[in-house]
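Nothing fancy with the numbering, it's 1 onward along the sequence.
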Amino acid sequence: MPRALTFIFITVLIDIIGLGIIIPVLPQLIQELSGKPLGEASSISGWMSFVFSSALFICAPVMGGISDRFGRRPVLLFSLFGFGMDYLLQAYAPSLFWLFVGRFLAGVTGSSFTTATSYIADVSPPEKKAQNFGLVGAAFGLGFIIGPSLGALLGQYGTRIPFFGAAILAFANLIFGYFVLPESLKPENRRAFDWRRANPFGTFKVLFKYPVFKIFLVTLFLVYIAHYALQSTWSFYCIGKFGWDSKMIGFSLAVVGVMVAIVQGGLTRIIIPRLGSKKSIYLGLTISTLGYISYAFATEGWMMFAITVPFAFGGLTSPTVQGLISNQVPVNAQGELQAGITGLMSLSAIVGPLIMTGLFSYFTRFDGKTYFPGAPFLAAGILVFVGILLILKPLSKLDAS
């Protein structure tokens with residue numbers, strides 16, 4: 001792996017470890033501060049995600065435009081500082097209000113993933129972009145091996161301790177980046193900052209001029225929404241249905257991370273070139289559909305582990321799509337493109353957690369007529385299936401091997 005990619009992989013990895021640390025204890029912390037039952041606590045976590053994603057949706061295009069003007073490195077370092085402050089705020093939060101303040105701050109500065117993908121686009125040749133974008137997924141996977149495991153361990157000493165651990169990692173990441181991470185955007189590839197391109201809706205207007213992006217727009221949006229069944233409700237679902245504690249949740253997410261790391265860190269480099277872009281996208285979407293539905297109807301805790309093994313291959317979709325789109329965008333607009341993709345993800349994240357946690361809350365109410373905690377996963381499977389139907393015809397006409 002080239003040195004620059006090694007640097008960005010480690011940077012994203014440490015960032016994801018910080019995020020993963022807090023997942024096992026977040027349901028308990030929300031319940032402690034709110035005094036609400038599990039279902040209502042999940043709804044509160046959905047609104048926290050709403051605040052974070054709304055701020056990110058507004059600010060990511062600005063950060064993407066700034067990175068195209070001044071380079072990736074300063075924007076990435078600023079983002080890491082914001083994440084560290086977010087974790088400290090949540091560690092000391094005396095009420096739910098301060099948890100929301102922390103999430104807002106993280107959303108304002110949360111352009112690290114946008115900048116990381118722009119960095120990869122800067123240093124990758126066209127034929128390697130899909131595989132190298134898979135490194136971000138591998139960092140996610142490995143981060144979710146280490147992060148939730150640490151969170152489960154630290155959570156035994158108190159619900160606030162994992163947040164301090166996440167803050168330490170974020171600031172360590174900041175120091176690492178300051179001394180080690182080189183700039184990837186050459187001066188000749190930079191462009192002037194333009195406010196018309198730096199607002200989220202303006203970014204979408206720019207993205208629409210790229211025909212390849214139009215093909216994937218709705219399907220990507222549905223896939224991103226579906227993902228929040230996993231991200232927003234996994235802990236609540238496993239606590240409510242299987243009685244898992246924070247230690248078991250951390251272990252289960254570590255297993256998810258292992259599979260994601262294997263698929264996106266290694267197998268994408270084998271599968272995508274052999275199958276080609278189209279078949280890789282079809283395979284990833286089909287596996288995701290079946291996986292979500294299987295999670296919804298799991299009756300024993302061990303089934304969640306068994307389903308995770310094939311479900312991880314749904315991760316073929318994202319790096320393949322990103323590679324196809326990135327290859328058809330000029331080098332001086334990669335930051336703008338990745339900010340637009342992040343904006344689309346953020347837009348889905350505004351509504352996705354609310355939908356999924358709302359479904360979980362509704363179908364687990366004490367006075368509800370139907371108890372079905374798997375409702376978010378079933379909804380996710382349906383959304384991805386609709387995405388497959390929408391993409392079949394236009395993707396068949398796309399000239400991609």
Check the angle between the aromatic planes of Y87 and F83 and answer parallel, tilted or perpendicular using the 30° and 60° thresholds. parallel
Taking side chain as C-beta onward, heavy atoms only, is F171 less than 4.5 Å from F81? yes
Might you work through the side-chain contact (heavy atoms from CB on, under 4.5 Å) test for Y362 and T370, ending with a clear yes or no? CA-CA 9 Å; Y362 180 81; T370 303; over 6 Å; no
Check: T233 and S42 side chains under 4.5 Å, non-hydrogen atoms: no
What are the two closest heavy atoms between T320 and S280, and how far apart are they? OG1-CB, 3.9 Å
For F176, does the CZ atom have more than 12 heavy-atom neighbours from other residues, nucleotides or ligands under 6.0 Å away? yes
Looking at Y224, I want to see if its OH is surrounded by more than 12 non-hydrogen atoms of other residues, nucleotides or ligands under 6.0 Å. yes
Show the numbers, then the answer: is there a side-chain contact (heavy atoms from CB on, under 4.5 Å) between L383 and V386? CA-CA 5 Å; L383 287 174; V386 172; 5.8 Å; no
Using 0.5 Å steps for rounding, measure from the CG atom of L150 to the CD1 atom of I22. 13.0 Å
Student check: side-chain heavy atoms of L283 and I287 closer than 4.5 Å: yes
Beyond-backbone contact of H227 with V223, side-chain heavy atoms, under 4.5 angstrom: no
Kindly indicate whether the side chain of L316, heavy atoms from C-beta on, has any atom under 4.5 Å from the side chain of I271. yes
Nearest non-hydrogen partners of L96 and S34, listed with the distance: CD1-CB, 3.5 Å
E32 versus T159, side-chain donor and acceptor atoms under 3.5 Å: yes
Listed partners of Q31 passing side chain to side chain donor-acceptor pair (under 3.5 Å), at least two apart: none
May I have the step-by-step check of side-chain contact (heavy atoms from CB on, under 4.5 Å) for I391 and L285, ending in yes or no? CA-CA 10 Å; I391 208 174; L285 292 174; 4.3 Å; yes
Would you indicate whether K241, at its atom NZ, is surrounded by more than 12 heavy atoms from other residues, nucleotides or ligands within a distance under 6.0 Å? yes
Parallel, tilted or perpendicular, as decided by the 30° and 60° cut-offs, for the rings of F360 and F236: tilted
Could you tell me whether R73 sits above the aromatic face of Y178, with NZ or CZ closer than 6.0 angstrom to the six-membered ring centre and within 45 degrees of the axis? yes
When rounded to the nearest 0.5 Å, the distance separating CZ of R365 from CD of E40 is 9.5 Å
Going by heavy atoms in the side chains, are L26 and I23 under 4.5 Å from each other? no
With L154 via side-chain contact (heavy atoms from CB on, under 4.5 Å) - residues at least two apart: I161, P162
If you look at every heavy atom in R160 and L33, which pair is closest and at what distance? NH2-CD2, 3.7 Å
Interatomic distance, L169 atom CG to I146 atom CD1 [nearest 0.5 angstrom]: 9.5 Å
Heavy-atom closest pair (S348 atom, P353 atom, distance to 0.1 Å) is O-CD, 4.1 Å
Apply side-chain contact (heavy atoms from CB on, under 4.5 Å) to L105 and V101, showing your working. CA-CA 6 Å; L105 175 63; V101 171; 5.7 Å; no
Separation between CD1 of I270 and CG of L275, rounded to the nearest 0.5 Å: 11.0 Å
So ring-ring contact (aromatic ring centres under 6.0 Å, His included) across residues 280-321, not counting sequence neighbours, yields W234-Y295, W244-F305, F251-F305, Y292-F311, Y295-F311, Y295-F377, F297-F372
Residue pair V255 / M304, side-chain heavy-atom distance below 4.5 Å: no
Heavy-atom closest pair (T357 atom, G46 atom, distance to 0.1 Å) is OG1-CA, 3.6 Å
Whether S252 side chain and I249 backbone form a donor-acceptor pair below 3.5 Å: yes
For the CE atom of M356 and the OG atom of S43, what is their distance to the nearest 0.5 Å? 14.0 Å
Are side-chain heavy atoms of M48 and F100 found at a separation under 4.5 Å? yes
One should read off an interatomic distance between I66 CD1 and F78 CZ, to the nearest 0.5 angstrom, of 8.5 Å
Can you give me the closest heavy-atom contact between T364 and G39, atom names plus distance? OG1-CA, 3.9 Å
